[in-house]
Amino acid sequence: MEYNFREIEAKWISFWKSNKSYKVSEDSSKQKYYVLDMFPYPSGAGLHVGHPLGYIASDVLARYKKLEGYNVLHPMGYDSFGLPAEQYAIQTGQHPAITTDKNIERYRNQLDQLGFCYDWDRELRTSSPDYYKWTQWIFKQLFDCYYDERLNKAVRISALVSEFEISGNQNVQATNDCESVFSSKDWMSFDAAKKEATLQQYRLAYLADSWVNWCPELGTVLANDEIVNGKSERGGHPVMQKKMRQWSMRIKAYAERLLKDLDHLDWTDSIKEQQRNWIGKSVGCSVLFEVESHTESIEVFTTRPDTIFGVSFMVLAPEHPLVKEITTNENRTAVLDYQRAASKKTERDRQSDVKTISGQNTGAFVIHPLSGEKIQIWIADYVLASYGTGAVMAVPCGDQRDFDFAKYFDIEIKNIFDNIDVSEAAHIEKWGTLKDSSFLNGLEVVAAIKKVIQILEAKSLGKGTTNYRLRDAVFSRQRYWGEPFPIFYQENIPKTVSDENLPIELPKVDSYLPTQQGEPPLARADKSSWNYFAGDRMEYNTMPGWAGSSWYFLRYMDPSNEVEFVSKEKSDYWNQVDLYIGGAEHATGHLLYSRFWTKFLFDQGYISFDEPFKKLINQGMILGKSSFVYRLLDRNTFVSKGKIQGKETQPIHVDISLVENNKLDLDGFKKWRPDYSDASFVLEDNGDYVCGEEVEKMSKSKFNVETPDDLIQKYGADTLRLYEMFLGPIEQSKPWDTKGISGVHNFLRKCWRLYCNADGSSILKENEPTKDELKTLHKTIKRIREDLDRYSLNTCVSTFMIAVNAFTDYKCNNKVVLESFLILLAPYAPHFCEELWMKSGQKEGSLFEASYPNYDEKHLVEDSFDYPISFNGKMRFKVNLSLSLNREEILKEVEGLELTKKWLDGKNPKKIIVVPGKIVNIVL
RNA sequence: GCUCGAGUGGUGGAAUUGGUAGACACGCCGGACUUAAAAUCCUGUGCUCUUUGGGGCGUGCGGGUUCAAGUCCCGCCUCGAGUACCA
């Protein structure tokens, strides 16, 4: 009987299911290993061949670790809140939960076919109330905490309130937005609303008016990482700036820890670098500039305080709150016009406009804090309101943007660098000696920075500070299909819902659109539609997509706990994710937010680790390979690729299911589309129609989408698993091409024949294994173990092939050898190996209860080696010599050879290098 | 512009600390089996010259270090990803 993958795969999938083979529980006698896939958003399109790449890799490694004796946690679930289901709901009126369930079912079927060893009893869905109850609960904890910069961790807000009561906020060192200083007496005099408003400036989850990225098409705000090239990541709609009252997360408080702890993570440099850039730490100094004839000062942030004597003007962001106050009457109209124009610009406009210089003089002046000079104040949109203080001291001789601005508006450019020419461009490098800079004259950059900060601090005019580009994360969305907040309002004061009333479930609404007043869809729900209602109204916003995914890896550890989000005992056992596999597109979103929440939960003592993912692998994208046919212009004739030269043809995408190895199935093609039914062809000389090909992203319109379903039908899941791994290194993007799949399939069939007769009966014998058989086996064990340990999954497949080729050559049918080999192969081809394991007489249970073989050095010992003999580094011939020979003996053997004499050509070698077991190099 | 990757046969890729470049597979050429095809098996396959013994050239390009470089160093080029007025 030939290898019948359909029957075998169906059989073992149902075996595993009915035996709950992949159920895991905490077991302190075993070492744990946690392998996690980034869980998918269940879209309507189902999985294409790119999706399973990471899942297969994690499954191989999970099964390997299991066979090695680890207790492996390998769960799967769904990130099931999201925009597509809601957009569909808006169009059709169907509740997004229904669409989502349907899509999940489809995903599950596809995942099941691939033979993954997930413990499905741990499945979770972020949109299920059992789950989002705890997302809401975590939100409450964030709401109830602030960040204490002395303890360098999150602390309960009640501690802060006590401090306010005793001594006000003057000694508090916390990450906050509070600009006023108040005493304990002040605090006591605040009414409830004022107290809460003040606390909001400290809470880690807080409500504030902030500039947000508003997407009118989607009717919601978006986080920075949800915007790609100035357009919404989902849908590609325009995005504009708008000031709105929004929930935010004070992630800034964690900036330094998020940055510093990257060093210990086993992630790729590229992801770490992206996070570093996103956090964007810059060390510098804040300086106060007093506004002339006003009481206010303007605070600027600069990384180059050493250039302070080069300041020629000040620039404020157009949105800066002081602009209104300081603008002189003569300039008022022009300034207002400029502000209006700037506010209309979308982020995208600002980006594409980088080269246009614009700005407006306010007519006001600041006094230079050290020289006492009068300095003009401008506004310009190259200064961003949301970074630093929204104001810069412009030093044209040391900053190119300031330089360009000064040139454009004809402002004086002072040169404070000795012997450096700044007539053409600013000197932006961080070196040089200062001049015309009072007490900084003659100093180099680093020394000058140190000195000027010292002096500014002594005079209370400035302070050494650190700035981060990372902004607090906007946490509310004006959408329906997301977690409701555990918040209600009483007289406009936000209050949290008590734990026993969680979860706040999504209420029924009559439509998923905003209300006529522009309120989010939840505002449509009347009082009785909420499962809990308190105060004057519930919060109408919902949480963003990243809420549920920021902690899901914790819930898998204890998925049905009804009293805690995860028990301490279980999170202590499973601990960090040992291996996390997923796409690199989450570099600054999900991966940063998960780290933030993990650190917070650690600070509060709920878990005992402060980084979620120890090792991260980013799987590359699988690209589609499109096929083309070439149609003669205006005719229904298609020309094979080899014959198109000299003809005017138009390439047309053709469905890749009609093409195999670039050869077109002509009958299928004629049936594909009605207008091709009477097509004629110009064929190659051998009668084939050869198609052209191109690598592109997979998409329906290019007819190049490969679903795993078709391939599993044709070759089986084991072949697909092996093939996806065989394609190349997991991290690399690569084109999908089914050309090679038959090779992998043939490998399995060839392997099958080692174990079975044509009638399907086992041909394994309990004879003595030969030396060669043992050598091949143990060499294979060694290589596979080494490769799996360094996540080199593609080279393992080659190693399997080499072994099977060798066993076939040896006509090996030794039971011990071939059974060991089955265990090696099993993580890649689980159904296949289970079947052969059973056939070989292992009646009881599953192969995965066996243990992974170890290699024995003694079988690997070679007694001779084909020494490459090279002359001047070029290999000329080989000679087989015993490995027991030492350097001198090898030399003697080699010198005596005829071939050596030939290549020496009568010359005396200058030098001979002998590396035993490796190479001989003769230098002439 | 800046940051980070990557460039190896016709194709996907291998070469783990510098030591036989091209493993393994696809594709292709030729052969066996077959009435024929499919399947299977065998042989060859980096380019190039050749008197068929073998020779020359070869890991994006140009230098360098070394007995020896795909691998290390310097300078370029190309492609991909991320980011973008961050003071």
Side-chain angles (χ1 to χ4, degrees), chain A residues 2 228-230 268-274 276-278 280-282 284 300-304 307 315 347 350-351 353-355 357 380-384 386-395 398-402 404-405 467-471 584-585 587-588 618 620-621 625 661-662 693 723 726-729 731-744 746-747 749-750 753 783 786-787 789-790 792 794-802 805 808 865-878 909-915 917-924:
Chain A
E2 271 281 285
V228 178
N229 292 330
T268 60
D269 289 339
S270 124
I271 296 271
K272 290 206 238 183
E273 199 57 31
Q274 280 179 56
R276 285 192 192 106
N277 292 339
W278 194 261
K281 179 178 183 174
S282 41
V300 299
F301 174 76
T302 175
T303 54
R304 295 294 303 275
T307 63
V315 189
E347 192 97 352
R350 280 203 185 186
Q351 275 176 31
D353 237 16
V354 172
K355 280 174 204 109
I357 295 167
D381 65 5
Y382 82 87
V383 174
L384 305 176
S386 49
Y387 181 76
T389 59
V392 302
M393 57 177 224
V395 181
D399 182 288
Q400 194 56 44
R401 289 155 310 174
D402 297 347
D404 296 339
F405 194 86
N467 237 309
Y468 298 92
R469 197 187 81 114
L470 182 72
R471 298 177 204 174
E585 66 273 21
T588 50
N618 298 112
M621 208 195 330
K625 201 161 222 178
N661 292 339
N662 286 343
E693 56 180 17
Y723 185 57
F726 187 58
L727 275 178
E731 312 87 343
Q732 232 165 70
S733 283
K734 52 224 146 193
W736 177 257
D737 185 344
T738 45
K739 253 194 233 162
I741 199 166
S742 59
V744 174
N746 285 343
F747 155 74
R749 300 204 304 178
K750 190 168 176 181
R753 289 195 295 270
R783 285 205 50 187
E786 283 170 359
D787 286 356
D789 289 340
R790 64 187 174 105
S792 173
N794 55 326
T795 50
C796 288
V797 183
S798 315
T799 306
F800 292 137
M801 289 173 170
I802 292 167
N805 290 345
T808 305
F865 176 69
D866 270 338
Y867 276 92
I869 311 301
S870 46
F871 292 78
N872 287 336
K874 279 197 168 62
M875 201 277 286
R876 293 303 181 181
F877 60 91
K878 288 183 200 170
K910 283 191 194 128
K911 198 173 179 184
I912 302 183
I913 315 283
V914 179
V915 186
K918 284 249 164 87
I919 202 166
V920 175
N921 189 19
I922 298 166
V923 188
L924 292 175

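All figures in this text were calculated on a predicted structure; none of them were measured in a lab. Sequence lines set the chain letters: A, B, ... in the order given, protein chains first and strands last, and positions in each chain run from 1.
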Would you measure the distance from the [atom1] atom in [N] across to the matching atom in [M] and give it in whole Å?
| N | M | atom1 | value |
| --- | --- | --- | --- |
| B/C29 | B/A39 | P | 14 Å |
| B/G54 | B/U45 | P | 14 Å |
| B/C85 | B/U71 | C1' | 41 Å |
| B/G46 | B/C24 | P | 12 Å |
| B/G5 | B/G9 | P | 23 Å |
| B/A15 | B/C4 | C1' | 25 Å |
| B/G82 | B/C67 | C1' | 43 Å |
| B/U11 | B/G64 | P | 30 Å |

Gap between atoms [atom1] and [atom2], on [X] and [N] respectively (whole Å):
| X | N | atom1 | atom2 | value |
| --- | --- | --- | --- | --- |
| A/Asn872 | B/C67 | CG | P | 12 Å |
| A/Gln400 | B/C86 | CD | C1' | 16 Å |
| A/Tyr382 | B/A87 | OH | C1' | 8 Å |
| A/Glu731 | B/A81 | CD | P | 17 Å |
| A/Arg276 | B/A84 | CZ | P | 18 Å |
| A/Arg401 | B/A87 | CZ | P | 7 Å |
| A/Trp278 | B/G82 | CH2 | P | 12 Å |
| A/Arg469 | B/U83 | CZ | C1' | 7 Å |

(message) Syn or anti for B/G31? Use the chi torsion, O4'-C1'-N9-C4 for purines and O4'-C1'-N1-C2 for pyrimidines, with syn inside 90° of 0.
(response) anti
(request) Please work out whether B/G53 sits syn or anti, treating a glycosidic angle within 90° of 0 as syn. (result) syn
Listed pairs, N/O of protein and of nucleotides 5-15 of chain B, under 3.5 Å:
residue: B/G12; atom: O2'; partner: A/Leu727; partner atom: O; Å: 2.6
residue: B/G13; atom: OP1; partner: A/Gln732; partner atom: OE1; Å: 3.3
residue: B/G13; atom: O3'; partner: A/Asn794; partner atom: ND2; Å: 3.4
residue: B/A14; atom: OP1; partner: A/Asn794; partner atom: ND2; Å: 2.9
residue: B/A15; atom: OP1; partner: A/Arg790; partner atom: NH2; Å: 3.3

(message) Test of understanding: with ring-ring contact (aromatic ring centres under 6.0 Å, His included), list the residues that count as partners of A/Tyr867, not counting sequence neighbours.
(response) A/Phe865
(request) With sequence neighbours excluded, tell me which residues meet ring-ring contact (aromatic ring centres under 6.0 Å, His included) with A/Phe301. (result) none
(message) Reading RNA chain B from 5' onward, which residue's closest nucleotide shows up sooner: A/Ile922 or A/Glu786?
(response) A/Glu786
(message) Go nucleotide by nucleotide along RNA chain B from the 5' end; which of A/Asp402 and A/Ile271 gets its closest nucleotide reached first?
(response) A/Ile271
(request) Provide the closest heavy-atom pair for A/Asp402 versus A/Asp399 in the form atom of the first, atom of the second, distance. (result) N-OD1, 3.1 Å
(request) Identify the two heavy atoms, one from A/Val315 and one from A/Val383, that lie closest to each other, and give their separation to 0.1 Å. (result) CG1-CG2, 3.5 Å
Listed by chain and number, what are the side-chain contact (heavy atoms from CB on, under 4.5 Å) partners of [X], not counting sequence neighbours?
| X | answer |
| --- | --- |
| A/Arg276 | A/Leu259, A/Leu262, A/Asp263, A/Lys272, A/Glu273 |
| A/Arg469 | A/Trp278, A/Tyr387 |
| A/Glu786 | A/Lys782 |
| A/Lys874 | A/Arg876 |

State whether the side chain of [X] and the backbone N or O of [Y] hold a donor-acceptor pair below 3.5 Å, judged by distance alone.
| X | Y | value |
| --- | --- | --- |
| A/Lys734 | A/Pro729 | yes |
| A/Asn467 | A/Ser282 | no |
| A/Ser792 | A/Asp787 | no |

(request) Begin with the C-alpha distance, continue with both residues' side-chain angles, and end with the deciding distance and a verdict on side chain to side chain contact (heavy atoms under 4.5 Å, CB included) for A/Val920 and A/Ile913. (result) CA-CA 6 Å; A/Val920 175; A/Ile913 315 283; over 6 Å; no
(request) Classify the angle between the aromatic ring planes of A/Tyr723 and A/Trp736 as parallel (below 30°), tilted (30 to 60°) or perpendicular (above 60°). (result) perpendicular
(message) The criterion is salt bridge (charged side-chain N to carboxylate O under 4.0 Å, His left out); which residues satisfy it with A/Lys750, sequence neighbours excluded?
(response) none
(request) Answer whether the closest heavy-atom distance between the side chains of A/Asn872 and A/Val923 falls below 4.5 Å. (result) yes
(request) Taking the side chain as every heavy atom from C-beta outward, state whether A/Met393 and A/Thr307 have any atom pair closer than 4.5 Å. (result) yes
(message) If a pair means Watson-Crick or G-U wobble with both distances below 3.5 Å, what does RNA chain B look like in dot-bracket form, with | marking bases paired to a different strand?
(response) (((((((..(((......[....)))((.(((.......))).))((((....))))..(((((..]....))))))))))))....
(request) Could you tell me the separation between the OG1 atom of A/Thr795 and the CZ atom of A/Phe726, rounded to the nearest 0.5 Å? (result) 10.5 Å
For nucleotides 45-56 of chain B, list the nitrogen or oxygen atoms of the protein found under 3.5 Å from its nitrogen or oxygen atoms, one pair per line.
residue: B/G56; atom: OP2; partner: A/Arg876; partner atom: NH1; Å: 3.0

(request) May I ask you to say what A/Asn805 touches in the nucleic acid, namely base, sugar-phosphate or nothing, with a heavy-atom cut-off under 4.0 Å? (result) sugar-phosphate
I'd like a table of atom pairs between the protein and nucleotides 40-42 of chain B - only N or O on both sides, under 3.5 Å - with the distance next to each one.
residue: B/U40; atom: OP1; partner: A/Asn746; partner atom: OD1; Å: 3.0
residue: B/U40; atom: OP1; partner: A/Arg749; partner atom: NH2; Å: 2.5
residue: B/C41; atom: OP1; partner: A/Arg753; partner atom: NH2; Å: 3.2

Could you list, one pair per line, each protein nitrogen or oxygen that sits under 3.5 Å from a nitrogen or oxygen of nucleotides 17-20 of chain B, together with the distance?
residue: B/U20; atom: O2; partner: A/Lys878; partner atom: NZ; Å: 2.7
residue: B/U20; atom: N3; partner: A/Lys878; partner atom: NZ; Å: 3.4

